[in-house]
Participant: 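Submitted below is the structure of interest, expressed as structure tokens.
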Amino acid sequence: MDRKSSQSESPTEKHVLTVNKWGRTRLQFTEFSYTWSVENFAFCRHRDPGYSITSPIFTAFNYSDKYQWQIILYPTGYDVDNKDYLSIQLIKVSSPDDPKHASIRLAIVDSQGREAFATEKFVLILKSLEYALDIKHFAGQNDVFDGALEDGDLTIKCRILFDNGVSHFDSDTEADTAGFNLNQKMARMHMH
């Protein structure tokens with residue numbers, strides 16, 4: 001009977017080495033956010049078109065790269081043709097020489113902390129780029145002045161999501177970083 005069980009199992013099946021490999025890709029991003037509050041914004045309702053308010057210059061870091069930005073807000077539009085809208089611009093003040101892709105989002109935050117109006121755009125940040133976002137009809141003037149202000153103040157949130165490319169990992173590279181590579185594993189299996 002023992003002879004039968006050993007006959008049913010072939011010598012090659014007993015020493016079959018099965019190798020399973022895998023891979024994964026990680027999209028890498030750095031997220032930056034900046035919140036700007038404009039106190040007493042309600043008093044801007046009757047300003048002439050073209051009147052602007054600028055944020056302080058703010059700095060966003062993507063690893064060691066430094067980007068400086070400024071928001072320019074036109075409470076009654078850029079000009080007479082846009083007087084019924086808030087117009088908004090995001091200006092790049094300075095950046096590194098190398099181009100960088102990023103998703104940029106500007107939003108007006110209402111009194112409950114929700115985004116009342118928002119715009120988002122995927123841009124290529126170049127050294128020569130001045131306006132990362134330039135939105136003539138960002139939000140209806142009446143909608144903002146009558147519903148999105150908290151005690152007459154306006155809050156704008158800027159989010160920049162820097163695209164830092166991809167990293168690829170597979171079972172060989174992961175095993176190597178763990179200090180136990182596939183070749184060592186196969187050698188141990190052959191010994192047993």
Side-chain angles (χ1 to χ4, degrees), residues 27-166:
L27 305 176
Q28 299 180 119
F29 298 95
T30 301
E31 184 173 353
F32 168 83
S33 65
Y34 174 76
T35 302
W36 176 39
S37 296
V38 183
E39 297 176 0
N40 300 314
F41 184 77
F43 293 107
C44 295
R45 185 176 204 142
H46 303 291
R47 294 282 189 159
D48 291 331
Y51 169 78
S52 66
I53 304 167
T54 57
S55 74
I57 292 173
F58 57 95
T59 303
F61 286 94
N62 181 39
Y63 297 109
S64 62
D65 291 339
K66 180 178 171 181
Y67 297 82
Q68 291 189 304
W69 305 93
Q70 186 172 43
I71 300 169
I72 302 176
L73 181 64
Y74 299 83
T76 53
Y78 292 137
D79 51 33
V80 178
D81 294 336
N82 300 295
K83 65 182 170 91
D84 296 329
Y85 297 92
L86 267 75
S87 300
I88 195 165
Q89 296 173 322
L90 178 64
I91 306 294
K92 181 188 59 72
V93 177
S94 69
S95 70
D97 291 334
D98 294 335
K100 174 62 73 178
H101 285 99
S103 174
I104 299 176
R105 182 177 184 85
L106 288 174
I108 292 176
V109 180
D110 68 14
S111 58
Q112 281 77 43
R114 296 180 305 231
E115 291 186 356
F117 306 95
T119 187
E120 187 165 354
K121 185 177 177 185
F122 194 72
V123 300
L124 178 61
I125 304 169
L126 300 169
K127 187 75 174 166
S128 61
L129 175 74
E130 184 177 356
Y131 297 97
L133 288 178
D134 188 6
I135 312 296
K136 290 181 183 180
H137 297 163
F138 181 55
Q141 191 184 73
N142 289 335
D143 295 330
V144 172
F145 283 103
D146 296 337
L149 301 183
E150 183 175 358
D151 297 327
D153 300 343
L154 178 72
T155 302
I156 295 179
K157 186 171 184 179
C158 174
R159 187 204 69 184
I160 303 171
L161 192 63
F162 293 101
D163 182 348
N164 293 314
V166 298

Participant: Side chains of Leu161 and His101: closer than 4.5 Å at any heavy-atom pair?
Facilitator: no

Participant: With a 4.5 Å limit on heavy-atom distance, are the side chains of Ser33 and Arg105 in contact?
Facilitator: no

Participant: So Ile104 and Lys121, side chain to side chain contact (heavy atoms under 4.5 Å, CB included) or not? Walk me through it.
Facilitator: CA-CA 5 Å; Ile104 299 176; Lys121 185 177 177 185; 5.7 Å; no

Participant: What distance separates Tyr85 OH from Gln141 CD, expressed to the nearest 0.5 Å?
Facilitator: 10.5 Å

Participant: Ignoring hydrogens, what is the shortest heavy-atom contact between Ser87 and Gly77? Give both atom names and the distance.
Facilitator: OG-CA, 3.4 Å

Participant: Supply the atom-to-atom distance Asp84 CG to Asp143 CG, rounded to the nearest 0.5 angstrom.
Facilitator: 11.0 Å

Participant: Run Tyr67 and Phe32 through ring pair (Phe, Tyr, Trp, His ring centres under 6.0 Å) and show every step you take.
Facilitator: CA-CA 11 Å; Tyr67 297 82; Phe32 168 83; 9.8 Å; no

Participant: Distance check, rounded to the nearest 0.5 Å: Lys100 atom NZ versus Lys127 atom NZ?
Facilitator: 15.0 Å

Participant: Kindly indicate whether the side chain of Asp65, heavy atoms from C-beta on, has any atom under 4.5 Å from the side chain of Phe162.
Facilitator: no

Participant: Can you see which heavy atom on Thr76 is nearest to which on Arg47, and at what distance?
Facilitator: OG1-O, 3.2 Å

Participant: Which distance, rounded to the nearest 0.5 Å, do you find between the CD of Glu150 and the CG of Asp110?
Facilitator: 8.5 Å

Participant: Quick one: pull up NZ in Lys136 and CG in Asp79 and give me the separation to the nearest 0.5 Å.
Facilitator: 7.0 Å

Participant: How about Ser94 and Gln68: does a side-chain donor come under 3.5 Å of a side-chain acceptor?
Facilitator: yes

Participant: State, yes or no, whether a side-chain contact exists between Tyr74 and Asn82 at a heavy-atom distance under 4.5 Å.
Facilitator: no

Participant: Could you grab the distance from atom CZ of Phe58 to atom SG of Cys158, nearest 0.5 Å is fine?
Facilitator: 4.0 Å

Participant: Can you list the steps and then say if Val123 with Ile125 is a side chain to side chain contact (heavy atoms under 4.5 Å, CB included)?
Facilitator: CA-CA 6 Å; Val123 300; Ile125 304 169; 4.1 Å; yes

Participant: Decide yes or no on side-chain hydrogen bond (donor to acceptor under 3.5 Å, both in side chains) for Asp153 and Ser37, but give the supporting numbers first.
Facilitator: CA-CA 7 Å; Asp153 300 343; Ser37 296; over 6 Å; no

Participant: Pair Val144, Phe138 - check side chain to side chain contact (heavy atoms under 4.5 Å, CB included), show working.
Facilitator: CA-CA 10 Å; Val144 172; Phe138 181 55; over 6 Å; no

Participant: Does Trp36 reach the side chain of Ile53, with side-chain heavy atoms less than 4.5 Å apart?
Facilitator: yes

Participant: Identify the heavy atoms of Ser111 and Leu149 that sit nearest to each other, and give their distance.
Facilitator: CB-O, 4.3 Å

Participant: So, do Thr35 and Val109 sit near enough that their side-chain heavy atoms are less than 4.5 Å apart?
Facilitator: no

Participant: Would one find more than 12 heavy atoms of other residues, nucleotides or ligands at under 6.0 Å from atom CD of Gln112?
Facilitator: yes

Participant: Just checking Asp146: does its CG atom have more than 12 heavy atoms from other residues, nucleotides or ligands closer to it than 6.0 angstrom?
Facilitator: yes

Participant: Within a radius of less than 6.0 Å around CZ of Phe122, do more than 12 heavy atoms belonging to other residues, nucleotides or ligands occur?
Facilitator: yes

Participant: Quick one: does Ile88's side chain get under 4.5 Å of Phe117's, heavy atoms only?
Facilitator: no

Participant: Within a strict 4.5 Å, meaning less than it, do heavy atoms of the Ile91 and Trp69 side chains meet?
Facilitator: no

